[in-house]
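In listed order, ligands and their atoms are each counted from 1. Every value quoted in this text rests on a predicted model; they were computed, and no experiment measured them.
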Amino acid sequence: MDQVRPNSLLGLQLPELAALVEELGQPSYRARQLFEALYHQRVETAEQISTLPQDFRRSLAENGFSVGRPEIEKKFVANDGTVRYLVSCADGQTVETVWMPEGDEGEMGDGSDAGDQAEAGHNWQRATICVSSQAGCAVDCQFCLTALLGVKRNLSAGEIVGQVCAVLRDQKVSPPEDRINLVFMGMGEPLLNFDNCMKAVRLLVEGVGIPESRMTLSTAGIVPRIYDFGAEAVRPKLAISLNASNDELRTQLMPINKKWNLAVLLEAARAFPLRARERMTFEYVLLADVNDSPQNAREVVELVRGVRAKVNLIALNPGPGIAFGTPATERVLAFQKILVGAGLPAFIRRPRGRDIYAACGQLKRTLEISGTESGMVQLG
Ligand code: SAH
C-alpha cells in the first residue's frame with residue numbers, strides 16, 4: 001500500500017540527504033542546505049534552492065529527483081476564516097488539509113496576545129493545521145464521510161510534511177515565530193500508517209519547526225500501535241476517538257471496536273506514559289438520540305476513570321450519506337455538564353467551516369457526489 005515516490009526529496013531525513021549528496025559526488029554540507037531548503041524555506045522546486053550550485057540542481061533533475069510536494073488543487077475559504085485545501089499527490093490521489101486560525105479580533109479574550117498579533121502582522125493568535133495521513137480510510141466509522149471513500153493508500157512521510165509546507169507557504173506564515181498547532185485529524189487513521197506518520201513528526205519538529213507539544217494525533221483506537229506510540233521518543237499528544245460509552249453502542253458506530261473493545265482500549269489509555277502536565281484527549285462525536293443521553297455521559301465518566309484526561313465534545317457535522325442527526329445545543333450542554341460535574345474537563349468543539357463542508361472527509365466526498373462546488377467559495 002505504501003507508494004512512496006522514490007525520487008521525492010521531501011520526506012528524506014538529514015542522514016538520507018547526506019547519503020544522496022555523497023552519491024551525487026557533492027560535499028557533505030550540501031545535505032544541510034537541502035534540508036533547510038526543503039523544510040525551513042519550503043521551496044516548491046529544486047530550481048528554487050538558490051544556495052545550491054547550478055550543476056548540482058541539474059544533476060538532481062537528471063537523476064530524477066524533485067521536491068515532490070503535493071499540490072494545492074482547490075482552496076475553499078469559510079466565513080469563520082477556516083480554509084480547506086484539496087491537495088493532490090503525484091499519482092493523482094487527493095486528500096484534504098485544513099487551516100483554522102483562532103482568536104481573531106472578534107473573540108480575543110483578555111487581549112493579552114494583542115501585541116503578538118500586531119507584531120506578526122495577522123489577525124489571529126494561533127492557527128491549527130489539520131493534516132491527512134491516508135487517502136481514504138479503512139476504519140469504517142458510521143458517522144464519518146471519509147469512511148465512505150474506503151482506503152486508497154497510505155501517504156508517505158513527504159506527502160504528510162508536504163501538506164504542512166504547502167499550507168504554510170500559502171498562508172505566508174512560518175513557525176516557530178507564528179504559533180502553529182498541528183492535528184492528525186484529517187482523512188485516514190494515522191496509527192495504521194504508523195512509520196510514515198512518525199517520520200513526518202520528526203521532520204516537522206526538526207525541519208519545519210513545530211514543537212511536538214503543539215501536535216496531536218487522533219486515533220480510532222488501534223490498540224497495539226497506541227503502545228508503540230507511547231514508546232516513541234518524539235511524539236505528539238494523543239487523542240482517542242471514543243464516540244460511545246459502552247461496547248454495544250461503540251461496535252455499532254465503530255466496527256473497529258469488535259477487534260479492540262473498550263476494556264483493552266482503556267487499558268492502553270491507562271498504561272499510556274503521559275508527560276508532566278499532559279492530558280489525554282478523548283473525542284466524542286455526539287449523535288442525536290444515539291449516544292448523547294445523560295446516561296451515556298455518566299458511562300463516559302466511569303470509563304475514563306484513572307486516566308488524566310479531558311473530553312472534546314463534537315456535535316455531528318452532518319453530510320450526505322450519513323444516517324445520523326446533530327443534537328440540539330441544550331443536549332450537548334447537558335452532556336458537558338455531567339462530565340464537568342464529575343471532575344472531568346470537557347470542552348465543546350466549535351464546528352469549523354460549516355459553510356464549506358468542514359466535517360471529516362466532507363469536501364472530497366461532496367465533490368465526488370455532486371461533481372460541483374456549488375455554494376462554496378472557491379479560490380485558485
Ligand atoms: N482516524 C482518526 C483521525 C481522523 S477522524 C480518528 O478516528 O480519530 C478525526 C475526528 O473526527 C475523530 O474524533 C472522529 O470521530 C471525528 N469525526 C469523524 N466524522 C465526523 C463527523 N461527521 N462529525 C464530527 N466529527 C467527526
Side-chain angles (χ1 to χ4, degrees), residues 82 84 95-98 100 128-151 154-155 160 163 182-194 196-197 200 215-223 225-226 229 236-245 249-250 252-257 259-260 265 268-269 280-288 290-292 300 309-327 332 335 346-354 356-366:
T82 301
R84 177 158 284 253
V95 295
E96 292 171 31
T97 315
V98 185
M100 294 171 281
T128 301
I129 298 176
C130 176
V131 294
S132 293
S133 56
Q134 300 180 304
C137 188
V139 179
D140 205 24
C141 301
Q142 298 298 296
F143 46 83
C144 176
L145 280 141
T146 304
L148 300 174
L149 301 166
V151 70
N154 281 339
L155 297 186
I160 297 168
Q163 293 170 60
L182 193 74
V183 294
F184 288 79
M185 292 186 188
M187 297 165 75
E189 169 48 52
L191 294 190
L192 289 178
N193 185 16
F194 189 86
N196 291 345
C197 283
M215 297 183 194
T216 303
L217 181 144
S218 174
T219 180
I222 312 299
V223 169
R225 294 292 85 73
I226 292 178
F229 184 71
K237 290 182 279 189
L238 181 64
I240 294 178
S241 296
L242 192 61
N243 297 338
S245 59
L249 190 54
R250 194 163 192 269
Q252 270 173 38
L253 300 176
M254 302 175 71
I256 191 95
N257 197 63
K259 196 155 183 183
W260 294 291
L265 179 59
M280 178 169 299
T281 302
F282 287 97
E283 294 156 286
Y284 197 99
V285 179
L286 289 157
L287 311 169
V290 174
N291 66 356
D292 64 341
V300 166
K310 65 168 177 160
V311 177
N312 276 346
L313 299 170
I314 316 151
L316 175 80
N317 254 317
I322 297 297
F324 297 102
T326 306
V332 178
F335 199 98
F347 304 89
I348 298 171
R349 287 242 310 252
R350 194 160 51 96
R352 298 295 310 241
R354 273 259 166 103
I356 53 165
Y357 302 97
C360 189
Q362 232 175 359
L363 169 62
K364 188 169 174 198
R365 177 71 186 163
T366 315

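Between Y284 and F335, the two ring planes are tilted [angle within 30° to 60°].
Of the heavy atoms in T219, only backbone atoms (N, CA, C, O) come closer than 4.0 Å to ligand 1. Contact annotation for E189 and ligand 1: heavy atoms of both the backbone and the side chain come within less than 4.0 Å of the ligand. Counting heavy atoms under 4.0 Å from ligand 1, residue N317 touches it through both backbone and side chain.
When atom types are taken as modelled, the side chain of D292 and the backbone of V332 share no donor-acceptor pair closer than 3.5 angstrom. For the pair R225 (side chain) and L192 (backbone), a donor-acceptor distance under 3.5 Å is absent. The backbone N or O of T281 sits nowhere less than 3.5 Å from a side-chain atom of N312 that would complete a donor-acceptor pair. In this structure, the side chain of S132 engages the main chain of M187 through a donor-acceptor pair within 3.5 Å.
Put simply, part of G186 is less than 4.0 Å from ligand 1, judged by heavy atoms. Residue contacts with ligand 1 include I314, since one of its heavy atoms falls under 4.0 Å from the ligand. The closest approach between G188 and ligand 1 falls below 4.0 Å for a heavy atom of the residue.
For the atom pair CG of L238 and CG of L191, the computed distance is 7.0 Å after rounding to the nearest 0.5 Å. The CG atom of N317 lies 7.0 Å from the OG1 atom of T326; values are rounded to the nearest 0.5 Å.
Within ligand 1, counting atoms from 1 as listed, the ones closer than 4.0 Å to a heavy atom of S218 are 2 (C), 3 (C), 6 (C), 8 (O). Remark: ligand 1 atoms within the under-4.0 Å shell around heavy atoms of A220 are 6 (C), 7 (O), 8 (O). Ligand-side atoms of ligand 1 in range of N243: 15 (O), range being under 4.0 angstrom from any heavy atom. For ligand 1, the atoms sitting less than 4.0 Å from at least one non-hydrogen atom of C144 are 18 (C), 19 (N), numbered in the order shown with element in parentheses.
Among V285, I240, V139, the residue whose heavy atom lies nearest to atom 16 (C) of ligand 1 is V285. Looking at S241, A239, S132 and measuring to atom 13 (O) of ligand 1, the nearest heavy atom belongs to S241.
Between F347 and R349, the closest side-chain pair of non-hydrogen atoms is not below 4.5 Å.
Considering backbone and side-chain N/O of L316, none are found under 3.5 Å from N/O of ligand 1.
With 3.5 Å as the limit, one finds no donor-acceptor pair spanning the side chains of E189 and S133.
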